[in-house]
Novice: 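Okay, here's the structure, questions in a sec.
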Amino acid sequence: MDQDQNETKVKEFLSRFFKSHDLQPDEDIFALGFVNSLLAMQLVAFVEKEFGIRVEDEDLDLDNFRSIRAITGLVERKTAPAAR
Amino acid sequence: MFDTVEPMTAEAKDAGMRLELSAAQRRARSGFRAFVAAEIVPHAGRWDREQAIAADLPAKLAAQGYLGSLLPHEHGGGDLDMITYGLLTEEIGRACSSVRSLLTVHDMVAHAILRWGSKAQRERWLPAMARGETLGALALSEPNVGSDAKSVETVAVADGDDLVLTGHKKWTTFGQIAGLFLVFAQCEGKPTTILVERDRAGVAIEPIRDMLGTSASMLAEVRLAGCRVPRTNIVGRVGFGVSHVGAAALEQGRYSVAWGAVGIGQACLDASLRYAAERHQFGAPLAEHQLIRAMLSDMITEVHAGRLLCCRAGWLRENRDPGASAETMVAKYFCAKMASRAAADAVQIHGANGCSADYPVARYLRDAKILEIIEGSNQIQQITLSRFDYQEL
């Protein structure tokens, strides 16, 4: 799956939380002020289910979840052949 | 006009939701009921009065596989599916909310370690928790901090490869007998979760007595006075103690409490139906009086509704659906309120008898109130859920 498709999926998911905002790939979702602990957990669950990865304790870094592109970057690193 | 509708094909019928337990789940529930009838129901009232469960009960629960029952087989757990786990929790909650509390907090800590713990933490603690050798407890609340978990005042200061913890935890369920505490503290000024073993120097436990409900859940104050633990005891990472580790633990707790509340509701219904059939007033059983029947009907309806909400949350959790968090919250919020309403009506139906220790419904009422406060009060659920209008079936 290419990066554009991944970004589209992440954007679709996050758009549920940012209804009136056209979220851009590099936009900081924490700076927008909508992220609470329930969204944080849902985001982890979404990424794991949608992309078939497991977010580990060492992946807990805000920079991995800061934007659509950061999230897809995490997915790509976790799904790269060397990461399997 | 309905004659013109084509009969549904088997395929079309399969497309709908299935709302029945599997044969294996029904068999498991029968086993839970037999254990609860033999080992918990006869003693629950006494444990409530004595403010302690029997010392050998955790071992009996562990022998049945009821501690850490959700943990995967590789960690020594029962690997139960979420619905079967819910049935276990309901059955135990139907008999004794204090014992249900033991499972709740133990499973919260186990789930936090499973979800966000390091490999070493999982290997060290989860098999011991599944065997019941180590009981887990959540050390979150403090004298000045309840719902606002990010503001805990306990601090963990780095000292070489160690952390030194100082603070005061309160209302720690089963803190009197737990061997492992998941402590919420400020580390580098950020909320962080840290495992603290009971036998560490600097840990002092003081029982709390005379609570309103779940009186046998052996609450404690936990004081940490310069308690030194290795930095490797951090679960997750610094700063993620509330947003991820605590959230995972609390979601597990809410799921458990929701099913436990269904158990209280069912216990109220069972007791009320029995009493209304046996008790006669004005020449007829109470069950023949319309205002009593109204209360019984509401109780039946709400218990069923609560159980269905729990099943839906469980199904989503089982499928690791992102919507599980919100649906679990919905279930917990509804079921906690439902249990309180059911218990209030059960006491009402029992009259003066219901206010005495001769019947269990007064205990159900006291226990149900606790469920409206723990694992997020009703008001915290309302505040959070009101932001979740986007959720869809």
Side-chain angles (χ1 to χ4, degrees), chain A residues 6-23 28-68 70-75 77-79 83-84, chain B residues 111-122 147-150 190-193 232-252 254 316-330 376 380-381 383-392:
Chain A
N6 288 353
E7 287 186 5
T8 301
K9 287 186 172 183
V10 173
K11 180 172 181 174
E12 279 176 6
F13 174 77
L14 288 174
S15 293
R16 302 188 210 172
F17 299 83
F18 302 93
K19 275 180 179 171
S20 57
H21 185 83
D22 183 22
L23 194 62
D28 187 333
I29 62 172
F30 301 115
L32 290 171
F34 290 109
V35 180
N36 59 23
S37 60
L38 206 48
L39 190 158
M41 286 297 293
Q42 290 193 312
L43 182 55
V44 169
F46 163 76
V47 166
E48 289 188 334
K49 182 163 187 178
E50 184 65 43
F51 300 108
I53 63 171
R54 178 179 161 92
V55 179
E56 304 280 357
D57 55 327
E58 62 261 28
D59 300 319
L60 287 179
D61 185 331
L62 289 183
D63 288 340
N64 283 331
F65 299 95
R66 193 170 294 285
S67 66
I68 292 172
I71 295 165
T72 55
L74 172 69
V75 169
R77 287 194 300 280
K78 304 278 293 182
T79 54
R84 287 174 184 165
Chain B
H111 183 68
I113 295 172
L114 175 69
R115 186 63 193 81
W116 293 117
S118 65
K119 185 170 182 287
Q121 288 168 347
R122 293 197 296 269
S147 299
D148 186 9
K150 285 182 178 169
K190 293 178 273 194
T192 304
T193 38
T232 52
N233 276 23
I234 291 174
V235 179
R237 293 184 60 183
V238 170
F240 290 84
V242 172
S243 63
H244 289 73
V245 184
L250 288 167
E251 184 180 317
Q252 171 61 35
R254 282 191 283 271
L316 291 172
R317 282 170 61 80
E318 184 67 28
N319 288 286
R320 301 181 186 281
D321 190 289
S325 299
E327 287 296 333
T328 300
M329 195 169 275
V330 168
I380 290 293
Q381 316 295 342
I383 289 167
T384 310
L385 283 170
S386 61
R387 299 177 183 142
F388 276 74
D389 60 339
Y390 60 85
Q391 296 287 350
E392 297 172 359

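Below, each value reflects all heavy atoms present in this structure, side chains not excepted, and no hydrogens, waters or symmetry copies. In what follows, every chain begins at residue 1, and chains take the letters A, B, ... in the order their sequences are listed.
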Novice: If we only count heavy atoms from C-beta on, is the B:Asp321 to A:Gln42 side-chain gap below 4.5 Å?
Specialist: no
Novice: Roughly how far, to the nearest 0.5 Å, is CG of A:Asp59 from CZ of B:Arg237?
Specialist: 9.0 Å
Novice: Enter the distance from A:Glu50:CD to B:Arg320:CZ here, rounded to the nearest 0.5 Å.
Specialist: 15.5 Å
Novice: Chain A heavy atoms under 4.5 Å from B:Ser118: which part of the residue, side chain, backbone, both or neither?
Specialist: both
Novice: Salt bridge or not for A:Lys49 and B:Glu318, using N-O below 4.0 Å?
Specialist: no
Novice: So how far is it from B:Ser243 OG to A:Leu60 CG, rounded to the nearest 0.5 Å?
Specialist: 7.5 Å
Novice: Please examine the side chains of B:Lys119 and A:Glu56, heavy atoms only from C-beta on, and report whether any two atoms are closer than 4.5 Å.
Specialist: no
Novice: If you compare all heavy atoms of A:Phe46 against all heavy atoms of B:Pro322, which two are closest, and at what distance to 0.1 Å?
Specialist: CA-CG, 3.5 Å
Novice: Look up atom CZ in B:Arg115 and atom CG in A:Asp57, then write down how far apart they are to the nearest 0.5 Å.
Specialist: 9.5 Å
Novice: Taking side chain as everything from C-beta outward and backbone as N, CA, C, O, which of these in A:Leu62 sits under 4.5 Å from a heavy atom of chain B? Side chain, backbone, both or neither.
Specialist: both
Novice: Please classify the contact between A:Val55 and chain B as side chain, backbone, both or neither, with a heavy-atom cut-off of under 4.5 Å.
Specialist: both
Novice: For A:Glu58, is it the side chain, the backbone, both, or neither that has a heavy atom closer than 4.5 Å to a heavy atom of chain B?
Specialist: backbone
